[in-house]
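Each remark here refers to the structure printed beneath this line.
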Amino acid sequence: MIKLDEQKTSDVGVKKSANQINGFQLFSMTTSMVMTVYGFAALAKQGPVAFFYLFLAGVLWFIPVTRASGEMASIDGWSKGGIFTWARNMLGEKTGWAALFYQWIHITVGMNTMMFFIIGCLSISIDMPIINNNPAIKFMLMMVILWGLIFAQQHGTAVTGKIAQWCFSLGVIIPVFFLLIIFVIYLLQGNPMLININMHTLLPKSWSGNVLVGFVPFMLVFAGAEGSAPHVKNLKNPRVYPKVMIALAICAIASDIIGSMAIAGTIPADKIQLSDGIVYAYGELVEKFGISVVIVEKVTGFLLAVGVLGEISSWVVGPNAGMFEAAKSGFLPPRFSKANKYGIETNVMILQGLIVSAMGALLTFGSGKNSSNLSFQTAISLTVALYTLMYVLLFASYLVLQFKHKELNRTFLAAKSSLFRKIYGVLGLVLSAFGFVVTFFPPAELAPSAQRTYLLLLGSAFVIVVFIPFVLYRYHKKWAGELGIPVAQELSKEEKNILPAGSQTAHAVSGTHDNKSSH
């Protein structure tokens, strides 16, 4: 018995040391999830209107996301499970499960978007266009990237933190600062901007859906801040989480302004390629200074690819941590509630990898010839459609918290004023719903045949995915019973009111940690 106890203590120690991270590592992981350099080209295509969309997405939407997420993650008993815990406690079990599923499933599309960018950059770095233009070769490389990163995650969150830290430094900080420096020099030398920024050009030319769909990529580049919330429990000092969110907001907004304007100001809009446009922006800028364009494009292409590799690495473990908590509560078959000796949810990761692979095949082979931009645009739009559904539920949960549950103890408030906290919630909810609606309008620049393909791919994938969590929920009682877990919804309202703040979550989520199936 003593030996068994010592073994258990040893296992707990291994898990804790393998998953503990510091504030900068969490910042690197979260920033690599949000500062999506692959989105700069999509932002640049909007020209001066990008400033208007950046204001909507970066200020009126992203700041409420970071503040609301920070507040909900700081509530006693709510640090585990992320959106699953927040929506579950405020909107009910079924809604919480659906919100988590939409967050988790959206990245199965988003990872393909990231891999499209990585391969586009590498095709420039190694001067092999075929790897970006040949669907078969492109798909094989995507699989190498995806499954290689999943394999690398199997030794604990600390490994992910280190990967994100180095990839963020090499592939985000260096390229963005380099772009800022050469862009400023470019302007100081009197070179012209290809876009004219004034009050007449800042707003969209029309308010039709085909034009407003340009807002979609702006939602995507600022999405993901809440994805690191499940890792609050792994922080050496959990109190730094709100500070990480504030630093993240500042860095993300600044980098997107720099990146999008550098591309829009130096490359004609009709020549911007969505999957690798930022690489050519570096070439256009340094050419003015007599620097070798080829060398700069090759080096920056490689560095940017490294940066997005770190982003995929962070997304592999972020939402999966929440999904793992749900699996231990019986929302997935019992096999997904098991973890390896480092506490990593291997089976959940494999499931995610299989879905990413299937989505990758659909997007790579399903858009026809000469369709790199169409595949990229469809992937972005499907990602946003799924993700904005989750954000609608996130802000609905936050508003319920503000109006009905002021008694819950939290260590961080989105704002000192109750009115401002409610304004954050309303702004976030309205813009999330707006982003969801305009996603389904095909971009105006697409040809009629391409618009039909866009709507077919986007609509069919969305309809299938939106109903999946409700189908799975029908088996919740069965799976929970196999794990020996009482179903939380069986508690009456009177029983819930008796429980102290946060204990519903502890009962429904944290209380499953000792279940034998999770070891």
Side-chain angles (χ1 to χ4, degrees), residues 38 97-98 100-120 131-132 134-154 220 223 227 275 308-309 311-320 322-324 326-327 331-333 335-336 345-369 371-387 389-390 439 453-473 475:
Y38 63 81
W97 162 240
L100 171 66
F101 186 86
Y102 297 143
Q103 182 199 50
W104 182 76
I105 201 70
H106 101 277
I107 202 57
T108 64
V109 183
M111 284 184 185
N112 286 293
T113 308
M114 299 173 207
M115 288 188 286
F116 286 156
F117 177 82
I118 290 171
I119 294 171
I131 68 174
N132 195 38
N134 185 296
I137 296 175
K138 189 173 187 176
F139 183 71
M140 285 190 291
L141 284 176
M142 290 166 66
M143 295 301 96
V144 171
I145 294 169
L146 172 65
W147 291 100
L149 286 174
I150 290 176
F151 178 77
Q153 307 302 315
Q154 300 307 306
L220 179 61
S275 59
V308 179
L309 275 174
E311 181 174 358
I312 298 177
S313 176
S314 297
W315 274 114
V316 165
V317 299
N320 278 336
M323 185 61 78
F324 185 47
F331 289 87
L332 288 175
R335 68 174 64 93
F336 296 106
E345 53 280 2
T346 302
N347 289 343
V348 174
M349 286 187 181
I350 291 174
L351 175 63
Q352 182 191 58
L354 292 173
I355 298 174
V356 172
S357 300
M359 283 289 185
L362 174 65
L363 293 169
T364 305
F365 298 109
S367 302
K369 297 180 179 178
S371 58
S372 59
N373 272 358
L374 180 59
S375 295
F376 197 89
Q377 180 66 58
T378 306
I380 287 178
S381 298
L382 181 56
T383 300
V384 174
L386 297 171
Y387 214 4
L389 264 186
M390 186 279 296
T439 299
T453 302
Y454 171 88
L455 287 174
L456 179 62
L457 283 173
L458 178 60
S460 58
F462 178 79
V463 168
I464 291 171
V465 171
V466 77
F467 288 108
I468 291 178
F470 300 102
V471 173
L472 293 174
Y473 188 77
Y475 300 94

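The structure places NE2 of His106 at 7.0 Å from CE of Met390, a figure rounded to the nearest 0.5 Å. For the atom pair Leu455 CG and Phe462 CZ, the distance stands at 13.5 Å (nearest 0.5 Å). Here CG of Leu472 is found 8.5 Å from OH of Tyr475. Values are rounded to the nearest 0.5 Å. Remark: Ile131 CD1 to Ile119 CD1 distance equals 6.5 Å, nearest 0.5 Å. With values rounded to the nearest 0.5 angstrom, Thr346 atom OG1 is found 12.5 Å from Leu351 atom CG.
A donor-acceptor pair is defined here as one N or O able to donate and one able to accept, closer than 3.5 Å; no such pair exists between the side chain of Asn132 and the backbone of Lys138. Remark: side-chain polar atoms of Thr364 are not paired, donor with acceptor, to backbone N or O of Ala361 under 3.5 angstrom.
The side-chain heavy atoms of Phe117 and Asn112, taken from C-beta on, include no pair separated by under 4.5 Å. Using a 4.5 Å heavy-atom cutoff, the side chains of Ile150 and Trp147 are in contact. In this structure, the side chains of Phe116 and Met142 come closer than 4.5 Å at one or more pairs of heavy atoms. You'll find the side chain of Gln352 reaches within 4.5 Å of the side chain of Met111, heavy atoms only. For the pair Met359/Leu354, no side-chain contact is recorded, criterion being any heavy-atom separation below 4.5 Å from C-beta on. Two residues are said to be in side-chain contact when any heavy atoms from C-beta on lie closer than 4.5 Å; Trp104 and Val348 meet this criterion. With contacts defined as side-chain heavy-atom distances shorter than 4.5 Å, the pair Leu458/Thr439 qualifies. For the pair Phe101 and Met323, the minimum side-chain heavy-atom distance is below 4.5 Å.
Of the residues listed (Leu100, Leu386, Val466), the one engaging Ile105 in a side-chain contact (heavy atoms from CB on, under 4.5 Å) is Leu386, and it is the only one. Partner Met115 forms a side-chain contact (heavy atoms from CB on, under 4.5 Å) with one of Ile145, Leu149, Leu309 and no other, that one being Ile145.
If you look at Tyr102 and Tyr387, their ring centroids are not closer than 6.0 Å. Taking the six-membered ring wherever Trp is involved, the centroid distance between the rings of Tyr473 and Trp97 does not fall below 6.0 Å.
Residues Asn134 and Ile137 share a closest heavy-atom pair of OD1-N, 3.1 Å. When all heavy atoms of Pro469 and Ala98 are compared, the closest pair comes out as CB-CA, 4.0 Å.
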